[in-house]
Protein chains: 2
Amino acid sequence: MADTYDPSAFPPFAVTADLVILTVQPPTVRALLVRRAADPFAGSWALPGGFVGPDQSLADAAHETLARKTGVSVDATHLEQLASFGRPDRDPRMRIVSVAWLALLAEPVEPVAGDDTDEAQWVDVAALDSDLAFDHAEILAAGIERARNRIEYTTLATRFCGDEFTMAELRAVYETLWSTELDPANFHRKVLAIDGFVEPTGESTSGGRGRPARLYRRGDAVDLDPPVRR
Amino acid sequence: MADTYDPSAFPPFAVTADLVILTVQPPTVRALLVRRAADPFAGSWALPGGFVGPDQSLADAAHETLARKTGVSVDATHLEQLASFGRPDRDPRMRIVSVAWLALLAEPVEPVAGDDTDEAQWVDVAALDSDLAFDHAEILAAGIERARNRIEYTTLATRFCGDEFTMAELRAVYETLWSTELDPANFHRKVLAIDGFVEPTGESTSGGRGRPARLYRRGDAVDLDPPVRR
DNA sequence: TGCTTTATTGTCGTCATGACTAGTTATTGC
DNA sequence: GCAATAACTAGTCATGACGACAATAAAGCA
């Protein structure tokens, strides 16, 4: 890293944490977006985000934004760093580098509108006409792609389900994110064969239409071995 | 993203691009490191890096650092963004956010020492006593872990080989990064079964000890289907 | 009582994989 | 030249994972 550098010679950078907060509500994938109240991009949808404070870590800034928008605490969700975006002209006001994060939520909790935005809403990403503010369409696409890949090799698909879920619910997460249909019987067999993916609660659903489904909860495993191929 | 923000109220952020540049020289994995000439961390190994210029994209800053240190042009290597690191105290001088990149090189080209460093050298990462400057040990570990995972699902292992390579060379890349031994016959069969992974040149090696090996070059595929499991 | 719906279990052929054996083709050292 | 050796490549075989699909289980509903 260069030592011969005078920061005051440069226009300063600002750093933001912007969040791709996803939930799967079959047959839709939804992202939590805010509608911008002020220029630039007034009226456009944008990712929720906030500036990183002078003494704040990048992760803390992401946690804070998540809590501010959803009221959800960190340990109830999965939050991972996605990538950073820093084209010089991505924000017309000043030079801003965005560190993007991906959060996976089980249920679309009631979003909280902030001071700077007049609306926060879960939006079906398929029905989005992609004119998001700044380069947020690119960031959102990266987040969805990351989620699509993660569920193949990790147990993160369970993060889109509640604490207890049926095989059909878990399968619907895969089918929705991948836009495919999976054979219920083979999926069932495969998931149970992966050690630590899910564990039965002993309970079953009731009141539904067909045969009651057994309930499962998340297992201890983080990675799927073998992976669930697409 | 908050509009109610006065950047001048904050100490400014600086943004750097720091590179994990890896090469595989069986049985070692080597990283290109620089020895810092000045404080802080004078005398310590550090990742090569540089500040992102006011009108420079993050990727351009990474490309520039790579070219400055190795003289290697971008299209001869693989360069991908790794992650960003921004603990408030990671640099004692000022608030610096590092966007880390991962570069994969086939051969350890002669490194070029910069103005601010008195030495640039390929270092065996296994023999590194981990007292790198700043949080660079953490970044380096993330880069190695990324490379270890990438070769499982993508064709990037060929990036550690030259333009033409033998099956044994490709296998050695996997064995070195994964610290395992792979059965030569099964590896051979598996690699050839993956469409677009490698394609034969028709040539063979000569001058080596045993039977000459056929030469291959990179195929068109990016992802491995099926993956090469560890 | 059936009929429908959904969940779960079972079967079977095919293909991928790992362990292992055997054969091929060069160089190296008598 | 002629083994001996090294290294690559082909073949075999048992095991296991997977996809397609049939069959059974357990509810609700007419």
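Just so it is clear: chains get the letters A, B, ... in the order the sequence lines come, proteins before strands, and each one is counted from 1. All figures in this text were calculated on a predicted structure; none of them were measured in a lab.
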Which listed nucleotide ([options]) is nearest to the side chain of [X]?
X         : options                  : result
Met167(A) : dC8(D), dT8(C), dA7(C)   : dT8(C)
Ala168(A) : dC8(D), dA7(C), dT9(D)   : dA7(C)
Arg171(B) : dC8(D), dA10(D), dA25(D) : dC8(D)

Q) Is there a donor-acceptor contact under 3.5 Å from the side chain of Lys69(B) to the main chain of Ala120(B)? A) no
Q. Do any N or O atoms from the side chain of Trp178(B) and from the backbone of Arg230(B) form a donor-acceptor pair under 3.5 angstrom?
A. no
Q) So, is His188(A) close to the dT9(C) phosphate, meaning a side-chain N or O under 4.0 Å from OP1 or OP2? A)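 Yes, within the criterion.
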Q: Compare side-chain N and O positions of Arg209(A) against OP1 and OP2 of dT6(C) and report whether any pair is under 4.0 Å apart.
A: yes
Q: Tell me, please, whether Trp45(B) has Arg35(B) positioned over its six-membered ring: NZ or CZ under 6.0 Å from the ring centre and within 45 degrees of its axis?
A: yes
Q. Passes salt bridge (charged side-chain N to carboxylate O under 4.0 Å, His left out), Arg214(B) versus Glu203(B)? Steps please.
A. CA-CA 6 Å; Arg214(B) 294 187 197 157; Glu203(B) 305 288 307; over 6 Å; no
Q. Can you tell if the side chain of Gln121(A) reaches within under 4.5 Å of the side chain of Leu33(A), non-hydrogen atoms only?
A.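 Heavy-atom side-chain distance check fails, nothing below 4.5 Å.
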Q: State, with a plain yes or no, whether a side-chain heavy atom of Leu156(B) is found less than 4.5 Å away from one of Glu80(B).
A: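 Sidechains of Glu80(B) and Leu156(B): in contact.
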Q) In terms of the nearest nucleotide of DNA chain C, which residue is placed more toward the 5' end: Tyr216(A) or Pro212(B)? A)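 Whichever sits nearer the 5' end wins; that is Tyr216(A).
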Q. Quick one: on DNA chain D, does Gly207(A) or Glu169(B) contact a more 5' nucleotide (nearest heavy atom)?
A. Glu169(B)
(Q) Taking the six-membered ring for Trp, are Phe197(A) and Tyr216(A) closer than 6.0 Å centroid to centroid? (A) no
Taking atom [atom2] of [N] as reference, at what distance in whole Å does atom [atom1] of [X] sit?
X         : N       : atom1 : atom2 : value
Phe187(A) : dT6(C)  : CZ    : P     : 18 Å
Leu182(A) : dC21(D) : CG    : C1'   : 16 Å
Glu203(B) : dC8(D)  : CD    : C1'   : 17 Å

For nucleotides 15-22 of chain C, tabulate all protein N/O to nucleotide N/O atom pairs closer than 3.5 Å, reporting atom names and distance.
{"residue": "dT17(C)", "atom": "OP1", "partner": "Lys190(B)", "partner atom": "NZ", "Å": "2.3"}
{"residue": "dT17(C)", "atom": "OP2", "partner": "Lys190(B)", "partner atom": "NZ", "Å": "3.4"}
{"residue": "dG18(C)", "atom": "N7", "partner": "Arg189(B)", "partner atom": "NH2", "Å": "2.9"}
{"residue": "dG18(C)", "atom": "O6", "partner": "Arg189(B)", "partner atom": "NH1", "Å": "3.2"}
{"residue": "dG18(C)", "atom": "O6", "partner": "Arg189(B)", "partner atom": "NH2", "Å": "3.4"}
{"residue": "dA19(C)", "atom": "N7", "partner": "Asn186(B)", "partner atom": "ND2", "Å": "2.9"}
{"residue": "dA19(C)", "atom": "N6", "partner": "Asn186(B)", "partner atom": "OD1", "Å": "3.3"}

Q: Assess whether one donor atom and one acceptor atom, taken from the side chain of Arg211(A) and the base of dA7(C), lie less than 3.5 Å apart.
A: yes
